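Structure, as structure tokens:
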Number of protein chains: 2
Amino acid sequence: MKDNNDMPGHLARRFQQIAVAVFLAEVADAGFDLTPVQYAALATIKANPGLDQVTLAGLIAYDRTTITGVIDRLVQKGLAERRASSRDRRARELEITDEGRRTLRKITPAVESAQRILLRGLSTREGEELMRLLRKAIAAGNDLSRAPLRSPDV
Amino acid sequence: MKDNNDMPGHLARRFQQIAVAVFLAEVADAGFDLTPVQYAALATIKANPGLDQVTLAGLIAYDRTTITGVIDRLVQKGLAERRASSRDRRARELEITDEGRRTLRKITPAVESAQRILLRGLSTREGEELMRLLRKAIAAGNDLSRAPLRSPDV
DNA sequence: CGATATTGCTCAGTATGCTGACGATCAGTA
DNA sequence: TACTGATCGTCAGCATACTGAGCAATATCG
């Protein structure tokens, strides 16, 4: 009988579980209340001003039905704005607010600290190897989830 | 500016996302309707008959408030039973049913297939190295989440 | 024994993620 | 131009995960 520890799926769940806990703890210590998902969305909005929700979802591999709620909460916190697009009346253009920019700037050390803590059991070399292997496995399985990563069309 | 792909936390989320999608697809192909979480719980109940909910949660690193709903659904599907403990009237003893045993047996190939698909982008050696590194990182961060893994007291 | 602390379980509330469906809009084509 | 299909956003419903609270029962200690 296979042990849970031999199941990559189980290890994936555990690793993600710890990653979220560490992120929330570090961010809370810094005095902020932002989830990993909200952080990634906000950072991506800042890097791609005026993008629509579907594009945002593709850039960070979220489901389009999930992104609605995430943006709702960013807007409610005053960190982002959602406005109608002039070119496509179906789409909403997303912008980061000054408050969102301030939050991102102040929260960055906590986010980086969280990434370090997550790998604290590994050497630098091992940490890099883990990320390389994860990237490789993820690339091979990208299209297997409903919300694949989509590179910008450029 | 750090890319998402340099964030182990982001990679963790993506890998887990794909793992769940692959698991559900393989299991559905085999004609069953069981989530990864429900599968792990059921397999652990089978391996440890009569265990209580807190012990089960510890063995698979689930939160105690999460396990309640998971068991609800296993019971509702007729795969497990929850009965009062005679030694501790707070506790519930968990048992797998014959139907649960049958389901586990028939579903095993799909579960194993899912694990293979999840690593299909990696060589055998790389897959093993990924699991080793994940285990190591998880062990170091085990106590950082609200639901750490707890080995049986033996 | 009795007060206190701890433990097992549940519940309410919040936040991801997903399936499947829908209305509104846009794009391509006959 | 009218039709068809695709796309954008949203919604309802379900299943994890978590926080924090609470009840009932057990354990511990003075």
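Lettering follows sequence order; numbering is per chain, from 1. In this text, all values refer to a predicted model and were calculated from it rather than measured experimentally.
Residue contacts shown for A:A147 are limited to sugar-phosphate atoms, with no base heavy atom under 4.0 Å away. Nucleic acid contact for A:R89: sugar-phosphate only, since backbone atoms but no base atoms lie under 4.0 Å from a heavy atom of the residue.
Look at CG on B:D72: it is 15 Å from C1' on D:dA17, rounded to the nearest Å. The CZ-P distance, from B:R83 to C:dC9, rounds to 14 Å in whole Å. Atom CZ of B:F23 is separated from atom P of D:dA15 by 15 Å (rounded to the nearest Å). Between the CD1 atom of A:I67 and the P atom of D:dC11 there is a distance of 15 Å, rounded to whole Å. The CD1-P distance, from A:I71 to C:dG17, rounds to 14 Å in whole Å. In this structure, CZ of B:R150 is placed 12 Å from C1' of C:dT7, rounded to the nearest angstrom. As a whole-Å value, the separation of B:L144 CG from D:dA17 C1' is 16 Å. Following rounding to the nearest Å, B:D33 (CG) and C:dC18 (P) show an atom-to-atom distance of 17 Å.
Under the side chain to side chain donor-acceptor pair (under 3.5 Å) criterion, the residue pairs touching residues 49-59 of chain A are A:D52-A:T55, A:Q53-A:R82, with sequence neighbours excluded. The salt bridge (Lys or Arg N to Asp or Glu O under 4.0 Å) analysis of residues 10-31 of chain B, with sequence neighbours excluded, yields no pairs.
For B:E95, the side chain to side chain contact (heavy atoms under 4.5 Å, CB included) criterion is met by B:P49, B:R83, not counting sequence neighbours. Checked against ring-ring contact (aromatic ring centres under 6.0 Å, His included), B:F15 has no partners two or more places apart in sequence or in another chain.
Checking D:dT26, C:dC11, C:dC18 against the side-chain heavy atoms of B:T65 singles out C:dC11 as nearest.
Between atom OG of residue B:S145 and atom CD1 of residue B:I138 there is a gap of 10.0 Å, rounded to the nearest 0.5 Å.
Salt bridge status for A:E81 with A:R92: absent, with no side-chain N to carboxylate O gap under 4.0 Å. A salt bridge is absent between B:E128 and B:R125: the closest approach of a Lys/Arg side-chain nitrogen to an acidic carboxylate oxygen does not fall below 4.0 angstrom.
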Got a list of protein N/O to nucleotides 14-16 of chain C N/O distances below 3.5 Å?
residue	atom	partner	partner atom	Å
C:dT16	OP1	A:T35	OG1	2.7
C:dT16	OP2	A:Q38	NE2	3.2
C:dT16	OP2	A:R73	NE	2.6
C:dT16	OP2	A:R73	NH2	2.9

Enumerate all atom pairs, one protein N or O and one N or O from nucleotides 3-8 of chain D, separated by less than 3.5 Å.
residue	atom	partner	partner atom	Å
D:dT7	O2	A:R90	NH1	2.4

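When hydrophobic clusters are built by joining Ile, Leu, Val, Met, Phe, Trp and Tyr residues whose side-chain heavy atoms come closer than 4.5 Å, directly or via intermediates, B:L134 is grouped together with B:V22.
Formation of a donor-acceptor pair under 3.5 Å by the A:K77 side chain with backbone atoms of A:L34 is not found in this model.
For B:R82, no side-chain nitrogen or oxygen approaches OP1 or OP2 of C:dG8 to under 4.0 Å.
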